[in-house]
Protein chains: 2
Amino acid sequence: MIANQNFEELLRGHGLRATPQRTMVLEALTRLSHPDADAVYGYAQSRFSSMSLATVYNVLDKLRQVGLIVMLDLHGRRYFDLRVEPHDHVRCRHCGNLADVARDPATRLVMPSVASWVIDDQELVWEGLCPNCRQAQ
Amino acid sequence: MIANQNFEELLRGHGLRATPQRTMVLEALTRLSHPDADAVYGYAQSRFSSMSLATVYNVLDKLRQVGLIVMLDLHGRRYFDLRVEPHDHVRCRHCGNLADVARDPATRLVMPSVASWVIDDQELVWEGLCPNCRQAQ
DNA sequence: TTCGTTGCTAATAATGATTCTAAATAAGGA
DNA sequence: TCCTTATTTAGAATCATTATTAGCAACGAA
């Protein structure tokens, strides 16, 4: 539970102006699980009625640029996640459902060296069948 | 270099009817590097002129369902890759450029156990700056 | 506190990848 | 060759995302 004041400090600490719209988006991201832009919009607009969907997209992109959030492109949609302690994701091959996964301590990811690239991050997505879809099969 | 006859066997071996459209899509996937649907369409249509874009989408989805190809959702687009020896990818944070990456032998990925899920695959995408974008910065 | 600059937001239109629909056609077994 | 069933086609429709532009707000300086 993060207070709005802390969101504002977080924003300023990353060189961004603290606006109520940005605060609301951050709040939505702490409350919802892997929301897409539309889910963030639904949450934020219910507390800040003049908020527009375009602003949600703007803010999400800005937060991503400064590294505050992570963007997940899955089955033709974008989902967003606060960049908290590193964790991975698992997605259902059948219905697209998405969940957090703690990384096994025995996992070792050795960063590849690719000619002339500067690589500094990674994203690991596991794939399988979620409980619902497993039963349906 | 795979002959068309082999593509047909490959298709039938996976329970699919062997059509010239499907053969062309498979051929495109062996020739192009991480094409999106439109690139596959461009390749296939130049050799089979009646081919439609809708068919490309149909075929790609079918091939994915039977596990012959892998689908990569990146920066709002879908890219396709034949499922050959496992390899990872690296994408440029700035321009979206995509490249293959060999997995370092020291890398160990321990499959997580998530309650009631059946997990059987993973996708690892590294992120950074490609040579072009690194210079531009 | 007020002012001015700069960046942000809102509304709406535009874009573009992907999916849908229905009718025509082709694959593969009998 | 014929029949059944899956596939393909063309075009329309959908829908997430981006672009545009005018109005507004944040925040540093006076």
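Each chain gets a letter, A, B and so on, in the order the sequences are listed, and its residues count up from 1. Because the structure is predicted, anything quoted here is derived from the model rather than measured.
You can see that DNA chain C meets the heavy atoms of chain B within a 4.0 Å-exclusive cut from C/dA17 to C/dG28, reading 5' to 3'.
Side chain of A/S49 to backbone of A/Q45: no donor-acceptor contact under 3.5 angstrom is found. Looking at A/R83, its side chain does come within 3.5 Å of a backbone N or O of A/G67 through a donor-acceptor pair. With hydrogens and angles disregarded, no donor-acceptor distance shorter than 3.5 Å links the side chain of B/D81 to the backbone of B/V70.
Cluster partners of B/L32, by chain and number: B/Y43. The rule joins Ile, Leu, Val, Met, Phe, Trp and Tyr whenever side-chain heavy atoms lie under 4.5 Å apart.
The distance between atom CG of A/L74 and atom C1' of D/dA16, rounded to the nearest whole Å, is 15 Å. Rounded to whole Å, atom C1' of D/dT17 lies 14 Å from atom OH of A/Y41. Between the CG atom of A/D36 and the P atom of D/dC15 there is a distance of 13 Å, rounded to whole Å. Following rounding to the nearest Å, A/R77 (CZ) and D/dT17 (P) show an atom-to-atom distance of 7 Å.
Note that CG of A/L98 and NE2 of A/H34 are 5.0 Å apart. Values are rounded to the nearest 0.5 Å. Between the CZ atom in B/R134 and the CG atom in B/L129 there is a gap of 8.5 Å [rounded to 0.5 Å].
Annotation: proximity of residues 12-23 of chain A to DNA chain C (heavy atom, distance under 4.0 Å) is found for A/R17, A/T19, A/Q21, A/R22, numbered in ascending order. For residues 56-66 of chain B, proximity to DNA chain C is found at B/Y57, defined as any non-hydrogen atom under 4.0 angstrom from a strand atom.
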**OP:** Output, in order, the C-alpha distance, side-chain angles, deciding distance and verdict of salt bridge (Lys or Arg N to Asp or Glu O under 4.0 Å) for B/E123 and A/R91.
**Re:** CA-CA 10 Å; B/E123 179 184 311; A/R91 113 185 102 177; 3.2 Å; yes

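A/T55 meets the side chain to side chain donor-acceptor pair (under 3.5 Å) test with A/S52; sequence neighbours excluded.
Relative to the axis of its first five pairs, the axis of the last five pairs of the helix from C/dT1-D/dA30 to C/dA30-D/dT1 sits at 40°, rounded to 10 degrees.
Between B/T55 and D/dT9 there is a side-chain N or O to OP1 or OP2 distance below 4.0 Å.
A heavy-atom distance below 4.5 Å is not found between the side chains of A/D88 and A/V125.
For the pair B/R22 and B/E8, the salt-bridge criterion is not met [side-chain N within less than 4.0 Å of a carboxylate O].
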